Structures are given as structure tokens and as C-alpha cells.
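Reading through the C-alpha cells given below for one structure.
Everything numeric in this text was worked out from a predicted model, so none of it was measured. Throughout, residue positions are numbered sequentially from 1 according to the sequence presented. Every heavy atom of this structure was used, including side-chain atoms; hydrogens, water molecules and symmetry mates were not.
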Amino acid sequence: MAEFSRTMQADFKKISSEVIQAELSICDRYHDIRLLLFIGLPDYEITRVEASFHRTPSPYCPLIETKLKQLVGVRVARGLNRTLNQLFSGSEGCINMKNLLAAFLPLVINTHLVSGASNEEEALETVARELAGTCVGYPPRPSD
């Protein structure tokens with residue numbers, strides 16, 4: 001049996017043509033924290049953040065909610081990791097929130113890209129086209 005196990009989860013759904021809802025959570029023997037974020041389309045701007053702390057290793061952990069609220073107005077785009085580092089690093093930050101948000105917030109873009117796809121093949125083609133050049137999995141497309 002493992003000495004320590006952690007689950008981080010993300011669920012995304014397009015709740016309207018203008019908003020994606022992201023439900024993020026981190027759960028282990030010390031943490032059960034859930035975030036609910038609303039991201040506006042088409043610019044991927046965070047418009048609302050809600051946090052619930054069901055279990056934390058310290059009574060001070062919920063103080064990070066002040067920093068979470070500062071995400072309102074932040075765009076899920078270039079510079080996101082810099083913003084997350086500024087908000088969640090150091091003695092007044094929370095590495096767990098930084099890691100959770102950095103791992104999953106970019107998937108808002110994927111959610112938006114595949115939301116109208118009629119099948120998996122179409123979804124994958126759309127993602128490959130739109131994310132070309134962003135990582136090794138989606139190399140730049142040759143110019144026509």
C-alpha cells in the first residue's frame with residue numbers, strides 16, 4: 001500500500017456559447033479542496049472563482065482564497081504560468097493551487113475547440129490544427 005496518494009481531477013463543460021465551467025479538485029489524506037472557475041469565451045478570461053476547503057493540513061490554508069479571487073480577469077493564454085507563479089509562490093502562496101491550476105486550466109482551450117465536434121476524429125483534427133506549434137505533440141504545420 002502506498003504511503004501517500006494524491007488525486008487531482010478536472011471536469012470541463014461548456015455551459016453556454018460564452019462560458020466554460022471548470023471544476024478542479026485535489027484530494028489526498030490532508031487535502032480535499034475544490035475549485036469552480038468560470039471562463040469567458042472567446043478570450044478565455046476567468047470571470048469567477050469559487051473555492052471550498054473540505055479538508056486542509058492547516059487552518060491557514062483557506063486564506064489562499066484571497067489569491068484565488070485575484071484570478072478574475074486573468075486570461076488562460078501566454079503568460080498564465082508567470083501569473084500563477086506570482087500569485088501562488090512563496091510564503092503567502094500555495095504550491096498545490098499553483099500546480100492544480102497550471103496543470104488543468106489550459107484544457108479550457110481544448111474544451112472550447114472540441115465542443116462542436118461531431119466525432120472524435122474531427123475533435124482531434126481541430127485540436128491538432130489549432131494547437132500546431134505549441135508543443136512536441138502538435139508540431140508546426142508546413143506552410144502551404
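I26 approaches M8 most closely through the heavy-atom pair CG1-CG, 3.9 Å. For the pair E122 and G116, the tightest heavy-atom approach, listed with the atom from each and the gap, is OE2-O, 4.3 Å. Of all heavy-atom pairs between T47 and G40, the closest is CG2-N, 4.0 Å. Contact record, K98 with S89: NZ-OG, 3.6 Å, taken as the closest heavy-atom pair. Between K69 and V49, the shortest heavy-atom distance links the atoms NZ-O, 2.6 Å. Nearest heavy atom pair, residue N81 against residue A102, reads OD1-CB, 3.7 Å.
Rounding to the nearest 0.5 Å places CG of D32 at 10.5 Å from OG1 of T7. Note that OG1 of T83 and CG of L71 are 8.5 Å apart. Values are rounded to the nearest 0.5 Å. Rounded to the nearest 0.5 angstrom, E65 CD and I33 CD1 are separated by 11.0 Å. Atoms CD and CD, on E121 and E125 in that order, are 5.0 Å from each other to the nearest 0.5 Å. Note: I20 CD1 to L41 CG = 4.5 Å, rounded to the nearest 0.5 Å. The CG atom of N96 sits 11.0 Å away from atom OG1 of T56, with the distance rounded to the nearest 0.5 Å.
Side-chain atoms of V74 and L80, non-hydrogen and from C-beta on, do get closer than 4.5 Å to each other. Looking at heavy atoms from C-beta onward, N110 lies out of side-chain contact with F12 at the 4.5 angstrom threshold. L87 has its side chain out of reach of L101: every pair of non-hydrogen atoms, C-beta onward, lies at least 4.5 Å apart. At a threshold of 4.5 Å between non-hydrogen side-chain atoms, the residues L105 and Y44 do not count as touching. Residues R34 and E23 have side chains not in contact (no heavy-atom distance under 4.5 Å, counting atoms from C-beta outward). Between L100 and F88, every side-chain heavy-atom pair lies at or beyond the 4.5 Å cut-off.
For D11, there are no salt bridge (Lys or Arg N to Asp or Glu O under 4.0 Å) partners, not counting sequence neighbours. Residues that satisfy the salt bridge (Lys or Arg N to Asp or Glu O under 4.0 Å) test with R6, not counting sequence neighbours, are D28.
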Apply the test side chain to side chain contact (heavy atoms under 4.5 Å, CB included) to residues M97 and L35: give CA-CA distance (whole Å), side-chain angles for both, the deciding distance (0.1 Å), then the verdict. CA-CA 9 Å; M97 290 300 99; L35 304 179; 3.9 Å; yes
T111/I39 under side chain to side chain contact (heavy atoms under 4.5 Å, CB included): CA gap, chis, key distance, verdict: CA-CA 11 Å; T111 302; I39 297 95; over 6 Å; no
Does the pair V127 and I109 meet the rule for a side chain to side chain contact (heavy atoms under 4.5 Å, CB included), with working shown? CA-CA 9 Å; V127 169; I109 297 168; over 6 Å; no
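With a 6.0 Å radius and a threshold of 12 heavy atoms from other residues, nucleotides or ligands, E50 has its CD atom above the threshold. F4 CZ: more than 12 foreign heavy atoms inside a 6.0 Å radius.
F104 and L36 fall into different hydrophobic clusters, where Ile, Leu, Val, Met, Phe, Trp and Tyr residues are linked whenever their side-chain heavy atoms come under 4.5 Å apart, directly or through other members.
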